[in-house]
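Have a look at the structure below, then the notes.
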Protein chains: 2
Amino acid sequence: MSNLWTISEDSFDPSGLRHQETIFTLGNGYLSTRGALEEGYPGDHRATFMHGVFDAAPIIFTELANAPDWLPLTIHLNGDRFSMDTGTVESFHRALDLRTGVVTRTVRWRSPSDLRATLTFERFASLANEHLLLLRCTVTPDFSGTVEFRAGLNGNMDNEGLAHWRWRGQGRRDDVAYLRNQTRQSGIELVSAMSLRGSAGRDLWDVENAPTWVARVEAMPGQTVTAEKIVAIYTSRDADPAALVDKAVNVVNQCAGWSSAHQANASAWADEWARTDVVIEGDDEAQLAIRFNLFQMLIAAPRHDDRVNIGAKTLSGFGYRGHAFWDTDIFMLPLFTYTLPHIAKNLLNYRYHTLPAARAKAKAKGFAGAQFAWESADTGEEVTPTWVPHFADKTKLVRIWTGDIEIHISADIAYAAHQYWRLTRDDAWFIEKGAELILDTAKFWAVRAEWNADTGCYEYNDVIGPDEYHDHVDNNAFTNRMAQWNLQTALDTLDWLQTHAPAKAEALSDKLQLDAQTLTHWRDVIEKMYLPVASDGLIEQFEGYFQRKDIDLAALEPRAVSAQAYFGIEGCNETQILKQPDVLMMQYLLRDHYSDEAVRVNYAYYAPRTDHTYGSSLGPSIMAIMACEVGRPDDAYEHFIRAARADLRDVRGNARDGIHAASAAGTWQSVVFGFGGLRVTPEGWTAHPRLPHHWKRLAFKFFHRGKLQEVDLRPDA
Amino acid sequence: MSNLWTISEDSFDPSGLRHQETIFTLGNGYLSTRGALEEGYPGDHRATFMHGVFDAAPIIFTELANAPDWLPLTIHLNGDRFSMDTGTVESFHRALDLRTGVVTRTVRWRSPSDLRATLTFERFASLANEHLLLLRCTVTPDFSGTVEFRAGLNGNMDNEGLAHWRWRGQGRRDDVAYLRNQTRQSGIELVSAMSLRGSAGRDLWDVENAPTWVARVEAMPGQTVTAEKIVAIYTSRDADPAALVDKAVNVVNQCAGWSSAHQANASAWADEWARTDVVIEGDDEAQLAIRFNLFQMLIAAPRHDDRVNIGAKTLSGFGYRGHAFWDTDIFMLPLFTYTLPHIAKNLLNYRYHTLPAARAKAKAKGFAGAQFAWESADTGEEVTPTWVPHFADKTKLVRIWTGDIEIHISADIAYAAHQYWRLTRDDAWFIEKGAELILDTAKFWAVRAEWNADTGCYEYNDVIGPDEYHDHVDNNAFTNRMAQWNLQTALDTLDWLQTHAPAKAEALSDKLQLDAQTLTHWRDVIEKMYLPVASDGLIEQFEGYFQRKDIDLAALEPRAVSAQAYFGIEGCNETQILKQPDVLMMQYLLRDHYSDEAVRVNYAYYAPRTDHTYGSSLGPSIMAIMACEVGRPDDAYEHFIRAARADLRDVRGNARDGIHAASAAGTWQSVVFGFGGLRVTPEGWTAHPRLPHHWKRLAFKFFHRGKLQEVDLRPDA
């Protein structure tokens, strides 16, 4: 069954270089490194991204700075530099072992001078010590001659052209060379340290910003020579800047070598998989894909840092620049809340720590309370680009409105906080941090609500819902309903606090100015929220949506572009085609509030009008669940497998920019809440399996109020 | 008199680092290298800019790519790395020899380990072979021990954060290491090659993108050791990409060493100064400053390339990104036209080669003929940024209008072409290229003119004149008058061609569709151009200018910011304060068309309303001439010396961004046309000196119809 834990390929396709770099990303929750080749390849996008290591950038405000490169290792066979774009690659195999996070590449190569050798490169970022990175290379030549290893650290990195690092010095302590860099704007210091161990003596080429160990071995035909490159990285986010060199050098010196480090790493991974693994029998593709998607979340999840979040593309690519969206709170959090709640807490604490920025944003817009940024980075300030250059005409600019009016994220964060509490019953955290998230977002919603005297309703006008094909809409159902939920949950939270932590209730009421008049207003907004429902239960996505052009999406197939690209931004806005179905999302999040019939009616209307293939990558995993809910298992599987394949098969053509994190984490929700039918209620939990017809077994685990639950499901028999 | 050829300093002031880097820029018309230190200094802006080596950049469209660095040379004294920011600098002297373009730095240094040595660094870019760059270092230690030289090429360069280069390979041919890079967007290949010669054996540290020669010498106290770094650079703009390595390596190998290369360089410089030097006696500051300013123009002037222009900051800094403006045609061209006409021809040919882009611009705007770009780079396409981020609020953008409506540049280019021809009588060039520049810009002006039936005049509305404190104005006097001149000169050109090159006249008439109807229209536009003049000769800068607020500028002194910063962009627009005086500029360019009295009237009105100190750096040199014209020598000197000091004393506080090229070249015009009173007429030339009272002598040379003229003036006696 080893192949169900391994992503592998047997040929090297340069046309898919950047996609494969994303797929072979490794990491440990502290950093991730794309699967670029150690020796480099023309046009590669080699990158290591580290949580919280942001630096200023034009237009996008800030981005994760591509860190100094720890990968460089070039092999010279009697002077011929090994590379995949010279000589002849006679065989190639690359594998990512999901169980341990090790990437292995084996190449049989004939050099331009007709020397043959077999080269194997292995690497991992230790999950046992997040500062430790290992790289091992073995070379078995067919010839007698010199094998030279050149192992470097390279501070000359950039983000697709934008250089974020300055050189700040370098040095050597016995067998360890180190390099010191600093981000140009944010001033974060980073020290990387490196040793090269193996069967030969070595020299240091002490070139500025690229210190390089060089080791030469006289090799015999068939005799394998090995080099181990041991790297450690620390930043001034982790420790006192003056201590960084000591710390990094110590980690390298204390590493006994590949074998012991690999053992510790494998052991740490085994612990993670013991909680998170999902077993699917009867569908090898689904089995491998769910593990791949879980792996991507596990390497992106901050384990020891609660001041960082997970970007929409994890740490695996340049897409969205490391910025976090509601993707974390709604799509990723459930996985962690259910299986690794300490990680969920870190991610929610990040939101808590960014409350000052959320309050500043609300205030700047003339509101009150906490309005969270649509795109968020180190401080939580809004980092959605305001304008971006027009794709076709660089003298023109396109206004991006999401940072201004896609306001639902504040309710999404409150929802995630509440869900974490509901599942874990981590009252201490809820009292200390969670309650404030819920109360201060509610405060925002109450102030942001607009009273319409004509209808006698509160409204949210000029917003964007999750469905971004339609912007500047009034009374988006998802936004209005989630705002109402947030306000009601805030009132419930205050009640609960008054019973269980009365001092905190009083302190928060003071701090957030939650006087009687305010709470009365909240109740009024809840009661009079504009939330029309047709007699059959159909909910209009936003005011006037049903008057938009009704297009038969199916008639446009086969279609290789999004509906937005097909009709144009404005053209698409005029139709009923959805990037993702807001009403179904709302019913998913607040499932207990809707009857099965109400779900069926809305599914029947919105599913055919949704651009599942090229709309939002967030949609399919949730669609899979809702299809299960309405008893359409074949549809459910189609949506699920589309999400599961998003990156592995690059179904949207942009996996080169990084992993679709919401989709990856969403597949876990599809399996657990959709096919597994897991429901947690105040009384406990139940699972009502509705497995795809070809699945023989579905097994997963989750924590419920601190205890690991095991669920093992077979087809209805 | 050596000090009148030398810019020097005796102390190192890190707070003026970037200003001094600009001042100690060297070059040879192919490239320039800022005066950064060989070994680096924190916060330095080390840069080498090469004509035509542009690469795409956001917002500004394209910029000169900071080339791979040829300077790196670090010295290690028994392991202590020499740098100005460690140990103790016991003495320091730096000098730029304007006669030969050699920069020398001598430092007496005590290392952190208390080792003392005297180090001297010398460098130049050969004017005899523009691909050849020399660097020599001598070290005289007070101690016995190892002196190590590390000489590198560094491809890891960026433009203030934007990386333009990719690594494309490197190698070694005997004692020459080479590095191959390529710009990321424009695909220009560049090969740099390097040897390190001296008293020791050497190793190559073959680190990627930073090959480094290392030589170690065991030195004795008082014994001087020397290393010579010889570098050559070629790009794919110069030669077949496949031949670049051969060419660069050959240049290094054929260089016999510092002494012979220096001799050839000095000889080439002597030839240049023999034509261009200006002698001023009685005013050492003015003497040194005019030579410095001439030097800056000589190192920026392309000698073997007519597809490039000189940017507003020459090749000496990041300001204006290498883009060329009217600064070249109106402020720099006269120096070259009069003293080095082959360079003037190269610069005018650049405009000729960019006619396709100018025609495309006119067409895209709904006009015809040639509308030249306000900012121009490799192709002549408009590269003025359309929007730039707001200084104070990065979510906002500021619209830049100059690229849309500062249209006078098309007439300025025609003027420069005509002036070159008038002075050189280079009929062959005029027939082949110059005439077309004049005719096609005239075509633009005729189509761009708007008929006003109410006034019976042709107008140019919604423009920006040279005075950029006022934008979106109607009927700017400079624009209208220069357009009229351009049209009339085009008619004269066509007449002349019909006599002297009738085939060309016919070919151009066909190509540009200059039929009888068109020419009749041109005459109509010329005759009915809106050009009001008051009875006393006063000309209103633009329609409604006299109604703007009349501010007493003198009453704002002392003032350390521009009037625009003082009043705000909109506030300044509402006043009569000028960034530079358009009417005086117009009278300067078309001097024969205005009576002395008309000049006096306009000078009296506009001079006190011009922001001489912090307005345009283009203004003072022309103001100096006009002050001479109206018999105000003291005012003239004040304007002249302000221009002469612009960079040397950093009077505007932004010399760190590069040399103010228009100001530097303008000082030559101040001296020759202002104080020297040179006038060239169809009959010959005359000089009517009106020297500053303390000047004892003014001597200069210029070519008149191919013959070198010598002018030697003394005070009126």
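All chains are named by letter (A, B, ...) in the order of the sequence lines, taking the proteins before the strands, and each is independently numbered beginning at 1.
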Check the surroundings of atom [atom1] in [X]: do more than 12 heavy atoms from other residues, nucleotides or ligands lie under 6.0 Å from it?
{"X": "A/D174", "atom1": "CG", "result": "no"}
{"X": "B/Y178", "atom1": "OH", "result": "yes"}
{"X": "A/F121", "atom1": "CZ", "result": "yes"}

Report the option among B/Q185, B/K394, B/R184 that has the most heavy-atom pairs separated by less than 4.5 Å from atoms of chain A. B/R184
Heavy-atom pairs under 4.5 Å with chain A are the metric here; pick the option from B/N154, B/D206, B/D158, B/T386 that has the most. B/D206
In terms of heavy-atom pairs under 4.5 Å, which option from A/I59, A/T212, A/V207, A/L162 contacts chain B the most? A/V207
Select one option (side chain, backbone, both, neither) describing which atoms of A/T395 are under 4.5 Å from chain B's heavy atoms. both
Pick one of side chain, backbone, both or neither for B/E160, based on which atoms fall under 4.5 Å of a heavy atom in chain A. backbone
Check whether B/L204 gets within reach of chain A through its side chain, its backbone, both or neither, counting any heavy atom under 4.5 Å. backbone
One should read off an interatomic distance between B/L397 CG and A/R399 CZ, to the nearest 0.5 angstrom, of 9.0 Å
Hey, what do you get for CH2 (A/W205) to CZ (B/R150), rounding to the nearest 0.5 Å? 13.0 Å
Sorted by number, residues from residues 62-82 of chain B in contact with chain A (heavy atoms, under 4.5 Å): B/T74, B/R81
